[in-house]
Amino acid sequence: MPVWTLGLNHTTAPLDLRGRFAFAVDKLVPTLHGLRQNLASHTAQAPEAAILSTCNRTEIYCAADQAATDGTLRWLAQAGGVSASELHAHTYLLEGNEAARHAFRVASGLDSMVLGEAQILGQLKDAVRAAEQAGALGSTLNQLFQRSFAVAKEVRSSTEIGAHSISMAAASVRLASQLFEDIQDIRILFVGAGEMNELVATHFAAKQPKGMVIANRSLDRAELLAHRFGAGVMPLADLPARLHEFDAVISCTASTLPLIGLGAVERALKKRKYRPMFMVDLAVPRDIEPEVKALQDVYLYTVDDLASVVQAGQAHRQAAVAEAEVIIDAGVQSFMHWMGQRGTVPLIQQLQNQADAWREAEMARARKLLARGDDPISVMEALSKGLTQKMLHGALAELRGSDSENREHTIQTVQRVFLRKER
């Protein structure tokens, strides 16, 4: 069964293009239904499928009776509202063992912007759960992902791949420290109460800023996060009116449109008498309009801008990367061996069915002989001879009937199958 992966990430596509292909986790189930229905026209049956969508990547994993790579590209292009030719220039397509290797590297954090980061493993597990809920996960992709989780666990326990990594959250604090003399003198607004902002808030809280406020559509979720850090909360609707109160703004939501526009920031700067504002937009698609970056007193960073910061310490991780690749190679070989074995399953079933048919035929013959009163020992000998003759008939016929070109190969096959020594 062919396995393939089509994707785009922070190394192949710019931020705004990646934003077109960001799928919210709670929308993955219907999205997978649409993908599988679309690809069903290219395969004998709807393929297995899973979608991994994060700030830095969108990837489609599929398995089917035949590969439908072109159809996958067309579907993704249509989902993002771009032409297939435009998208093709920014995607990568991996099949077979290379698709497996990629999944293992992604799960282990080797393909992340933050080399060795652990968050991607949780995101991959969320993608697999969504695929299960959608009924899109079959035995092939299930094996691929379960093995990727096992490989990732071994990489983390056996190497120091994450020991020297700088997270996006830590990078945000480092950049803010370069702008402000003391984090304790600033007020920080977090727009969104998801996992990423929770991580960033954790890092900033350790620096004990003057104040922290969580803005979110759901105040219940915001209050849970705020309680943990002793922060305030506010509804998103109050954002334009209160933006000027904050020296730093960290935004990461699942909104499909920007929440903070150029006009709102300009008005905030005016109220602040043009004291500088530090802004980090960790969302894909963007939460903050890109034009804001041109304002003289605003220091706006996106996920891509943080790349140089998070890649610090890369040299220290090269030995760990080499060790991780060895583990991944072994995982790929194991998965491909499993895939190869699956190809022999129909033949194994046919052999078992044939053997059962021979057994039933000889058993029926033996029962008749016993019912007639024949000697049981003679019946057992006849049964064993009958089974032996049936099992050897095909091999003996091949040996007698093979031509000179194929005889040696037939001899070796018969010796390997029938004369092998039991271990």
Side-chain angles (χ1 to χ4, degrees), residues 8-16 18-19 22 24-25 52-59 105-127 152 156 161-180 183 186 188-207 209 212 214-216 225 228-229 248-255 259-260 277-288 290 292-293 299-314 316-317:
L8 65 160
N9 64 20
H10 59 282
T11 65
T12 67
L15 172 62
D16 288 326
R18 297 202 308 273
V25 173
L52 172 64
S53 185
T54 73
C55 292
N56 290 324
R57 72 181 63 245
T58 293
E59 295 177 343
R105 295 185 85 253
V106 168
S108 302
L110 266 66
D111 198 59
S112 298
M113 179 186 288
V114 183
L115 184 62
E117 57 98 1
Q119 188 179 7
I120 186 63
L121 182 58
Q123 293 167 328
L124 186 57
K125 289 181 177 180
D126 288 341
R156 296 202 173 279
I161 192 65
H164 304 283
S165 66
I166 301 174
S167 68
M168 302 287 275
S172 300
V173 176
R174 179 175 294 189
L175 288 171
S177 298
Q178 293 174 2
L179 179 62
F180 302 107
I183 298 295
I186 68 172
I188 307 171
L189 173 65
F190 296 92
V191 183
E195 183 179 355
M196 178 58 78
N197 262 359
E198 182 176 359
L199 290 172
V200 181
T202 301
H203 281 73
F204 271 106
K207 299 293 184 179
M212 293 170 55
I214 314 293
N216 198 54
L225 194 58
R228 177 180 167 187
F229 299 113
V249 178
I250 316 296
S251 189
C252 187
T253 74
S255 175
L259 298 175
I260 303 174
M277 291 182 72
F278 173 76
M279 307 184 83
V280 178
D281 187 353
L282 296 173
V284 179
R286 298 175 189 259
D287 277 346
I288 303 173
V292 170
K293 194 165 189 173
Y299 298 83
L300 172 61
Y301 298 90
T302 66
V303 287
D304 288 356
D305 294 327
L306 296 178
S308 60
V309 180
V310 300
Q311 288 168 3
Q314 181 98 3
H316 297 287
R317 298 195 291 275

**Message:** Quick check: do Glu117 and Met168 have side-chain heavy atoms less than 4.5 Å from each other?
**Reply:** no
**Asked** With a 4.5 Å limit on heavy-atom distance, are the side chains of Leu175 and Val280 in contact?
**Response** no
**Asked** Atom CG in Leu15, atom CZ in Arg286: separation rounded to 0.5 Å?
**Response** 4.5 Å
**Complete:** Distance col, row Leu225:CG vs Asn216:CG, nearest 0.5 angstrom, shows 8.5 Å
**Item:** Contacts of Lys293 that satisfy salt bridge (charged side-chain N to carboxylate O under 4.0 Å, His left out) - sequence neighbours left out
**Value:** Asp305
**Asked** From Leu121 CG over to Ser108 OG, what is the distance, rounded to the nearest 0.5 angstrom?
**Response** 8.0 Å
**Request:** Could you tell me the separation between the NZ atom of Lys125 and the CD1 atom of Ile120, rounded to the nearest 0.5 Å?
**Result:** 12.5 Å
**Prompt:** Charged N to carboxylate O below 4.0 Å: is that the case for Asp111 and Arg105?
**Reply:** yes
**Message:** Apply side chain to side chain contact (heavy atoms under 4.5 Å, CB included) to residues Asn56 and Asn9 and explain how you reach the verdict.
**Reply:** CA-CA 5 Å; Asn56 290 324; Asn9 64 20; 5.7 Å; no
**Message:** Using side-chain heavy atoms (C-beta onward) and a distance below 4.5 Å, is His10 in contact with Val303?
**Reply:** no
**Message:** Before you tell me yes or no, could you show the steps for Thr54 and Gln123 under side-chain hydrogen bond (donor to acceptor under 3.5 Å, both in side chains), namely the whole-Å CA-CA distance, both residues' side-chain angles and the distance that decides it to 0.1 Å?
**Reply:** CA-CA 7 Å; Thr54 73; Gln123 293 167 328; 4.5 Å; no
**Item:** Any Val114 side-chain heavy atom under 4.5 Å of Gln119 side chain
**Value:** no
**Message:** Quick check for you: to the nearest 0.5 Å, what is the distance between Asp287 atom CG and Ile250 atom CD1?
**Reply:** 11.5 Å
**Message:** Pair Asp304, Thr302 - check side-chain hydrogen bond (donor to acceptor under 3.5 Å, both in side chains), show working.
**Reply:** CA-CA 5 Å; Asp304 288 356; Thr302 66; 5.3 Å; no
**Request:** For Phe278, enumerate each residue passing the ring pair (Phe, Tyr, Trp, His ring centres under 6.0 Å) test, keeping only those at least two apart in sequence or located in another chain.
**Result:** Tyr301
**Item:** Nearest heavy-atom neighbours spanning Cys252 and Met196
**Value:** SG-CB, 3.8 Å
**Prompt:** Do Val173 and Lys207 pass the side chain to side chain contact (heavy atoms under 4.5 Å, CB included) test, and can you show the C-alpha distance, the side-chain angles, and the key distance before you say yes or no?
**Reply:** CA-CA 9 Å; Val173 176; Lys207 299 293 184 179; 3.8 Å; yes
**Check against side chain to side chain contact (heavy atoms under 4.5 Å, CB included), Arg228 and Thr202** = CA-CA 9 Å; Arg228 177 180 167 187; Thr202 301; 3.4 Å; yes
**Asked** Nearest 0.5 Å, what's the CZ-CG distance between Arg174 and Leu306?
**Response** 11.5 Å
